[in-house]
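This report refers to the structure that appears directly beneath it.
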2 protein chains.
Amino acid sequence: MADDGINEDGARVTIRTVAADAGVSVAAVSKVLRNAYGVSEALRTKVETSIERLGYRPSVAARGMRGQTFTLGVMLVGIDNPFLPSVYRGIESVTEKAGYKIMVGLGAARKETEVRLIEQMIDNRMDGIIIVATQLGGEVLESYAQKIPTVVIGHHEATAQQFDTINSDDVTGAELAVEALIKRGHKDIAMVALGLRRKNMADVSPQRERGYQRAMQRAGLAEYARIIQFPTADLPRGEAINALLTSPQRPSALFCWSDLDAIPILNAAVEAGLSVPDDLAIVGYDNSPVAALPLISLASIDQDGERMGRVGAEALFSRMAGRKVPEHILIRPTLIPRRSLYRPTV
Amino acid sequence: MADDGINEDGARVTIRTVAADAGVSVAAVSKVLRNAYGVSEALRTKVETSIERLGYRPSVAARGMRGQTFTLGVMLVGIDNPFLPSVYRGIESVTEKAGYKIMVGLGAARKETEVRLIEQMIDNRMDGIIIVATQLGGEVLESYAQKIPTVVIGHHEATAQQFDTINSDDVTGAELAVEALIKRGHKDIAMVALGLRRKNMADVSPQRERGYQRAMQRAGLAEYARIIQFPTADLPRGEAINALLTSPQRPSALFCWSDLDAIPILNAAVEAGLSVPDDLAIVGYDNSPVAALPLISLASIDQDGERMGRVGAEALFSRMAGRKVPEHILIRPTLIPRRSLYRPTV
DNA sequence: TGATTTACGTAGAACGGTGCACAAACGGCG
DNA sequence: CGCCGTTTGTGCACCGTTCTACGTAAATCA
């Protein structure tokens, strides 16, 4: 049984081979493959038997030239971001059921690379793309979205027309964090945000800054509110952390835009002899697996990435099916309390 | 300037559009694209100008039907394994220079999924594939490798004929870990290994077990040697960890096949009131970023994943260029000492 | 100068599918 | 029995490239 797509002559098994074997036309085989209209049960079984026997596999490349490829492109910022695996799992769970394949592009958070990947996916004739946590601007996204059904996850563009967006409600998430700290008696609560070259409200960090500001204001703590812009993740943050911890105005509590920053800060604080949460309480964002480790035990906001992935994939399918009006979905995050927020009552 | 591959009529810009615009034949444009032999400087600039002006982008799908796609497939076990990002970076650094694109498949460590992904890559007419840390058997790999140039990273198949392998020298890595523990005065050193349904020497864990055994024997500690098989990563390991830590035969030191297990064990040990490294010294494997956190400070064996990726990509290119004889490369790992191995002399 | 080589460019058949337009077969009905 | 509408299956143009085979003009050689 040649299930490697190559028959005994070493020639590739194509749709024509199958047609000849089944004694039908090429068009008939194609119809069966796409389960198109107008195939009798008899024909279908005949063709499927031949396909099975010959181990035929349709060429995606050839398909892509006219019809669908049944493949979706998923662009992720990078492989090491703790929030992505769950989003990916969510997407996968939906696409698998629908019989679609996924092709992943890893973006490394560089605009140039991201553009290249999107174009690559278009060139490869993906049926649709999901873009997760991109740095790209709304105009660029709109222009790509005209050419290929697009869903964007983790990037706030609530007015986008050509594509859908799925986001955690980052404002609410930040409010949850700050309110929890206030409830523990904190007043002097600072925030660590992502210091971007060019501030863009579409990114998650500014959204969380807004939530922070709101919650502080509502609690009458506006005078304490201050946002510390941290250098981007790949730069050395050691100095910034040091400055923060040794400052005479060191806050009593910290809300951190991401676990990516919260975890190193928490580590540095303990190393410096501070007690967490007594000297410094910390709440992060993303609920990454590391935060859950007992030695870290970092309270964090959970985005339910899996659900975001699922919802995103579903939106993409409905868009591929012809929906034109954009959907902009917010998903409510939850607070995961841990030791960095309060000392458990033993 | 229409740089979106669609001209003002809304029609797709194809090689024919470019040919017409430049006033040359389709074949000529194709030659320029592939920088094939027999193009004058004049022709080349003429064509390149048109390409630029029209914003033409060749269709990978159409290309795949006859020629190369200039795209490589990279199959990764999963997105959350700490060792993969560095391997990926290594691969990327080489392919980028060569002007090749990468398409990633995420395998989730399920054989069925992995097979599907490899076939998908063949269907998509990748020019070659790199498979990282697969569960698949040697025969399966050989059969795929006949159809597409293949390099396997992190899977020991030293006798494979059809594909190349790049591996960390896992035996030596384990020896390094055990010798370091012996040097710190430990005798009762146990090992935690990955408990596979079907033991396969191609996997990394058994290789490390062999290195452990050797080092123990060479030091005359064979009587102490014992290997504890842990359930695979996705199952709850809490019980296994508990049993290990509360056993009356608790060893004084532990060599762990992966940080994936070492980190939870270290956490549990400290939670249980043990002192690391005094009551229990631990050395892990992979040197994952979490191991480096001060609060964790887990000694670990570093595989230099980036180098493995680079070497793997280079091997793939040379194989695509026609090399037939297989290469099986071992890369020497190094020990990264941290607090879980020895208390620093202050 | 004629013969041969070299360089450049072109025509047109692949490649492996899709999908439209149409033919054939079938059954129901007046 | 002839007419008509509905299935079911087929022929063929097409998708956007590559690549072989070949034509032509210029350059080199004897």
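Naming: A, B, ... by sequence-line order, numbering from 1 per chain. All values derive from a computational prediction rather than experimental measurement.
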- Message: Rounded to whole Å, please give me the gap between CG in A:Asn35 and P in D:dT8.
- Response: 15 Å

- Among the nucleotides C:dA7, D:dT18, C:dG16, whichever has the atom closest to the side chain of A:Arg12 is C:dG16

- Specify the separation, in whole Å, of atom OH of B:Tyr37 and atom C1' of C:dT6. 7 Å

- Write down the distance between CG (A:Leu43) and C1' (D:dT10), rounded to a whole number of angstrom. 11 Å

- Query: If you look at every strand shown and take non-hydrogen atoms under 4.0 Å, does B:Ser30 touch a base, only sugar-phosphate, or nothing?
  - Reply: base

- A:Arg34 atom CZ is separated from D:dT8 atom P, nearest whole Å, by 16 Å

- Message: As a test of reading the structure: which of D:dG16, C:dG12, C:dG9 is closest to the side chain of B:Ala27, going by heavy atoms?
- Response: C:dG12

- Hey, which sits more toward the 5' end of DNA chain C by its nearest nucleotide, B:Val24 or B:Ala62? B:Val24

- Query: Atom OH of B:Tyr56 and atom P of D:dT17: how far apart are they, to the nearest Å?
  - Reply: 3 Å

- Do A:Lys31 and C:dG19 have a side chain to base donor-acceptor pair shorter than 3.5 Å? no

- Item | Nearest-neighbour nucleotide for the A:Ser25 side chain, D:dT17, D:dC19, D:dT10 considered | D:dT10

- B:Gly67 or A:Ala42: which one's nearest nucleotide on DNA chain D is closer to the 5' end? A:Ala42

- Task: Tell me, yes or no, whether the heavy-atom count around A:Arg116 atom CZ, taken from other residues, nucleotides or ligands under 6.0 Å, exceeds 12.
- Result: yes

- Task: Please state how far atom CD in A:Gln68 lies from atom C1' in D:dC15, giving the value in whole angstrom units.
- Result: 15 Å

- Once you round to the nearest 0.5 Å, how far does CD of B:Gln135 lie from CD of B:Glu112? 13.0 Å

- Task: May I ask you to evaluate whether B:Ser40 reaches the phosphate of C:dG9, defined as a side-chain N or O under 4.0 Å from OP1 or OP2?
- Result: yes

- Take B:Met65 and B:Val26, find for each the nucleotide of DNA chain C with the closest heavy atom, and name the residue whose nucleotide sits nearer the 5' end. B:Val26

- For the base of C:dG16, is there a side-chain donor-acceptor partner from A:Arg63 under 3.5 Å away? no

- Could you check if a side-chain atom of A:Tyr88 sits within less than 4.5 angstrom of a side-chain atom of A:Val104, using non-hydrogen atoms only? yes

- May I ask you to test the B:Pro58-B:Ile15 pair for a side-chain heavy-atom distance under 4.5 Å? no

- Query: The side chain of A:Arg66 lies closest to which of these nucleotides: D:dC14, C:dT10, D:dC19?
  - Reply: D:dC14

- Message: How many whole angstroms separate atom CG of A:Asn124 from atom C1' of C:dG17?
- Response: 16 Å

- Message: Once you apply a heavy-atom cut-off of 4.0 Å, does A:Val29 come out as touching a base, just sugar-phosphate, or nothing?
- Response: nothing

- Message: Can you tell whether the side chains of B:Lys101 and A:Asp123 come within less than 4.0 Å, N to carboxylate O?
- Response: no

- Query: Which whole-number value in Å describes the distance from A:Phe70 CZ to C:dT18 C1'?
  - Reply: 11 Å

- Message: Among D:dT8, C:dG16, D:dG16, which nucleotide has an atom closest to any side-chain atom of A:Arg16?
- Response: C:dG16

- Message: Looking at every non-hydrogen atom in both residues, tell me the closest pair between B:Thr17 and B:Arg12 and how far apart they are.
- Response: OG1-O, 3.9 Å

- Query: Which one, D:dG9, C:dG17, D:dT17, comes nearest to the side chain of B:Ser59?
  - Reply: D:dT17

